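What follows is one structure encoded as C-alpha cells, with my remarks underneath.
What you see is a predicted model, and the numbers here were worked out from it, not measured in a lab. Heavy atoms only: backbone and side chains are in, while hydrogens, waters and symmetry mates are out.
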Amino acid sequence: AGCAVVVAIRLFIGGSVPAAHVARKPVIETLVMNGRVLARYRPEIGAAMGGVVRDVLAEEGDEVKAGPESLRLDDSELKSLVVESRSRVRQSEARLRLVNSSAERANAEGLQRARAILAEAENAWKRQQALFAEGVTSQSAVDTARRAVEVARSDVASAEALALTTREGGDEVRLASAALDEARAALESATARLDKATVRAPSDGVVLSRLVAPGAAVQAGEPLFVMAFQQETLLLAQPDEKALPLVRVGQKAKASADAYPREAFDAEVSYVSPSVDLQRGTFDVKLSVPKPPAYLKTDMTLSVEIIVGEKSDALVIPVDAVRDIATEPWVVIIHTHKARRQPVEIGLRGEAYVEIEKGLAEGDIVALAPGLAMVGNHYRADIAKEK
C-alpha cells in the first residue's frame, strides 16, 4: 500500500505534529518467524542379513533413486549357491522328463500287448463255440476259451488304468515332480538370499550420513545409511503460542533461506499442532512447498512469513499512530487544532498499517509523533517538527 497522507498540524500551544488521515486501503497481516527445512522421513537403512561390506556405492549428500544398489555385501558364496541350485533344477527337470517318457512308453506297450492277447482270446472263443455247435468239441473247451477272454479283458482294463495313472502322475512321476519342486524352492531361496546382500534405497532421497566402510562386518538390521526421503518438502516453524489463534491450515506463506535471502518461494500451511511446547511456549507449524527450489537442503534455516489476514478495503492508519497497541490501544485524534485521546479497536496488523474496527471514521486525522505527552487535558508537542 502507498504512504498515508501525512499532514503537519499546528497545535493550539504552537507546536506542529506529523499526522495522517484515516483512509481506506488494502491491508495484509503477516506472521514472521524463523523455520527450517524438515525431512519428513529420516530412516536408518540397514541390510536384511549380516555379512562383510564389499562396496559402498553412495556417499553423504548423494541423491539416490529407489532400486539401484547403494551397498553390496560379499556375496561370492551366495552366488555359488545360486549356480548350484540352478544345476539341481535342470537335473530334476531332465529326470522328470525321462520318467514320464519311460513310463508312458512302457505302459503303452503293455496296453498294446494286452489288447492283442484279448483279440486272440476272443477269436479262440468264437472258434470253440462254432466247433461246439458242429459237435466237434466239448462244452468244457468252450468254457475254457470264455474264461481266457475274461482274463484278457481284465488285463486290458489294468493296462488302461496304469496308462491313465502315468499320465496323471504315477508314484515314480510324483516322486520326480516333488524333487523338481524342491529344487526350484531351493533356487528361489538362494536367489532371495543373494538379493539381500544388496542394499537399495526404498524410495528416492538424499544420503544424510554413511555409517560403514568397505571391509566392515555388519549384522542384519544394523544401520548403514541415514537418508531423507523426498516424497514431500516440508518446512517447520515454531511461532509463539500467542499466535495460535491466527494460524490455520491452508494459509499462504512466503519463505526464503538464510543462504539465499533474495529468492523467496511459495509455501502453504499444512499442519498446525494442537498442543504447545511447555518448555519453549511455542507450537509447531508445518508448511508444504509445492515447487521447492533446487537449493533447498534438509535442516536449512529459513525465514517464514505466513499471511494470517488480508482485506482489500479496510479502514487503516499508520502503525506509528497507535499507542499501547498490545494492551489498550489508543490514538491522538486532532480536530480543529485540538488533540484528544481516543480509544480504538484494531483488527488486522500490517507491517506499515493497522486496521481500525472501532473508534475512528474515514477522514479523521491522527497524530503520528511518538513524543506527544498528556498535560492535564491538553497535549504538548515535545519533538514537533513539520515534515
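- No side-chain heavy atom of Pro329 sits under 4.5 Å from any side-chain heavy atom of Asp324.
- Judged purely by atom type and a 3.5 angstrom limit, Asp364 uses its side chain to pair as donor or acceptor with the backbone of Ala361.
- Formation of a donor-acceptor pair under 3.5 Å by the Ser189 side chain with backbone atoms of Ala185 is not found in this model.
- Qualifying ring-ring contact (aromatic ring centres under 6.0 Å, His included) partners for Tyr260, counting only residues two or more places apart in sequence or in other chains: Tyr295.
- To the nearest 0.5 angstrom, Ile333 atom CD1 is 5.5 Å from Leu360 atom CG.
- Residues in residues 46-56 take part in these salt bridge (charged side-chain N to carboxylate O under 4.0 Å, His left out) pairs, two or more places apart or across chains: Arg54-Asp75, Asp55-Arg72.
- Pairs engaging residues 177-186 under the side-chain hydrogen bond (donor to acceptor under 3.5 Å, both in side chains) rule: Glu93-Arg184 [sequence neighbours left out].
- Heavy-atom minimum distance, Ala267 versus Val289: CB-CG2, 4.4 Å.
- With hydrogens and angles left out, the side-chain atoms of Arg340 and Gln342 include a donor and acceptor closer than 3.5 Å.
- Residue-environment remark: CD (Glu362) exceeds the threshold of 12 foreign heavy atoms within 6.0 Å.
- Looking at Val212 and Phe225, their side chains never come closer than 4.5 Å, going by heavy atoms from C-beta outward.
- In summary, the side chains of Glu60 and Ser209 do not present any donor paired with an acceptor at a separation below 3.5 Å, with no hydrogens or angles considered.
- Looking at heavy atoms from C-beta onward, Leu38 lies out of side-chain contact with Leu235 at the 4.5 angstrom threshold.
- In this structure, Val247 and Val269 have side chains that are in contact, with non-hydrogen atoms separated by less than 4.5 Å.
- Using a cut-off of 4.0 Å between Lys/Arg side-chain N and Asp/Glu carboxylate O, Glu150 and Arg146 are scored as salt-bridged.
- Nearest heavy-atom pair, Gly350 versus Val319, reported as atom, atom and distance to 0.1 Å: O-CG2, 3.8 Å.
- Pairs passing the side-chain hydrogen bond (donor to acceptor under 3.5 Å, both in side chains) check and including a residue from residues 217-227, sequence neighbours excluded, do not occur.
- Counting only heavy atoms from C-beta outward, the side chains of Gln238 and Phe283 never approach each other to under 4.5 Å.
- Val249 and Ile306 end up in the same hydrophobic cluster when Ile, Leu, Val, Met, Phe, Trp and Tyr side chains are linked at under 4.5 Å.
- To the nearest 0.5 Å, atom CD of residue Glu305 and atom NZ of residue Lys252 are 15.0 Å apart.
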Inset, instruction - Check the pair Val344, Lys358 against side chain to side chain contact (heavy atoms under 4.5 Å, CB included), reporting the backbone distance first and the verdict last. - result: CA-CA 6 Å; Val344 293; Lys358 189 175 181 181; over 6 Å; no

Inset, instruction - May I have the step-by-step check of side chain to side chain contact (heavy atoms under 4.5 Å, CB included) for Val149 and Leu118, ending in yes or no? - result: CA-CA 6 Å; Val149 169; Leu118 174 60; 4.2 Å; yes

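- Atom CZ of Arg193 has 12 or fewer neighbouring heavy atoms from other residues, nucleotides or ligands inside a 6.0 Å radius.
- Every residue meeting the side-chain hydrogen bond (donor to acceptor under 3.5 Å, both in side chains) condition with Asp195, not counting sequence neighbours, appears here in chain and number order: Arg200.
- A pairwise comparison of heavy atoms in Glu29 and Gly347 identifies OE1-O, 4.1 Å as the closest pair.
- Considering all non-hydrogen atoms of both residues, Pro290 and Asp266 come closest at CD-O, 3.8 Å.
- At a threshold of 4.5 Å between side-chain heavy atoms, the hydrophobic network of Ile, Leu, Val, Met, Phe, Trp and Tyr places Leu302 and Val32 in two separate groups.
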Enumerate, atom names and distances included, each donor-acceptor pair closer than 3.5 Å involving a side-chain atom of residues 82-90, sequence neighbours excluded.
from, atom 1, to, atom 2, distance (Å)
Glu84, OE2, Arg88, NH2, 2.7
Ser85, OG, Leu81, O, 2.9

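- For the atom pair Glu44 CD and Leu211 CG, the distance stands at 7.0 Å (nearest 0.5 Å).
- Taking Ser76 as the reference, Asp74 meet the side-chain hydrogen bond (donor to acceptor under 3.5 Å, both in side chains) condition, with sequence neighbours excluded.
- Checked by atom type, the side-chain pair Thr137/Gln128 shows a donor-acceptor distance below 3.5 Å.
- In this structure, Asn34 has no side-chain contact (heavy atoms from CB on, under 4.5 Å) partners at least two apart in sequence or on a different chain.
- Sorted by first and then second residue, the pairs that involve residues 270-287 and meet salt bridge (charged side-chain N to carboxylate O under 4.0 Å, His left out), not counting sequence neighbours, are Asp277-Arg280.
- Distance check: Leu194 CG to Glu77 CD gives 12.0 Å after rounding to the nearest 0.5 Å.
- Looking at residues two or more places apart in sequence or on another chain, you find no side-chain hydrogen bond (donor to acceptor under 3.5 Å, both in side chains) involving Glu263.
- Every residue was checked against the side-chain hydrogen bond (donor to acceptor under 3.5 Å, both in side chains) condition with Thr282, not counting sequence neighbours, and none meets it.
- Note on Ile307 and Val272: separate hydrophobic clusters, where clusters join Ile, Leu, Val, Met, Phe, Trp and Tyr whose side-chain heavy atoms are under 4.5 Å apart, directly or indirectly.
- In this structure the side chain of Leu71 never reaches within 4.5 angstrom of the side chain of Thr198, judged on heavy atoms.
- Glu59 contributes atom CD, which lies 4.0 Å from atom CZ of Arg210 (distance to the nearest 0.5 angstrom).
- Counting only distance, with no hydrogens or angles, the side chain of Glu134 and the backbone of Leu131 share no donor-acceptor pair below 3.5 Å.
- Asp204 and Ala66 make their closest contact through OD1-N, 2.9 Å (heavy atoms, listed as atom of the first residue, atom of the second, distance).
- Residues Ile28 and Leu315 do not share a hydrophobic cluster, clusters being chains of Ile/Leu/Val/Met/Phe/Trp/Tyr side chains in contact below 4.5 Å.
- For Arg115, the salt bridge (Lys or Arg N to Asp or Glu O under 4.0 Å) partners two or more places apart in sequence, or in a different chain, are Glu160.
- Taking all atoms of both residues into account, the shortest heavy-atom contact from Ala201 to Ser70 is N-OG, 4.0 Å.
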Inset, instruction - Evaluate the side chain to side chain contact (heavy atoms under 4.5 Å, CB included) criterion for residues Val142 and Trp125: first the C-alpha distance (whole Å), next the side-chain angles of each, then the deciding distance (0.1 Å), finally the verdict. - result: CA-CA 6 Å; Val142 173; Trp125 183 28; 3.9 Å; yes

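- There is no path of hydrophobic side-chain contacts, each under 4.5 Å, that joins Val226 to Leu57.
- In this structure the side chain of Leu73 reaches within 4.5 angstrom of the side chain of Val218, judged on heavy atoms.
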Inset, instruction - Evaluate the criterion side chain to side chain contact (heavy atoms under 4.5 Å, CB included) for residue pair Arg127 and Asn123; output intermediate values, then yes/no. - result: CA-CA 6 Å; Arg127 286 195 300 272; Asn123 289 334; 3.9 Å; yes

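- Taking 4.5 Å as the limit, every side-chain heavy atom of Ile346 sits out of range of all side-chain heavy atoms of Glu355.
- To the nearest 0.5 angstrom, Leu236 atom CG is 10.0 Å from Tyr271 atom OH.
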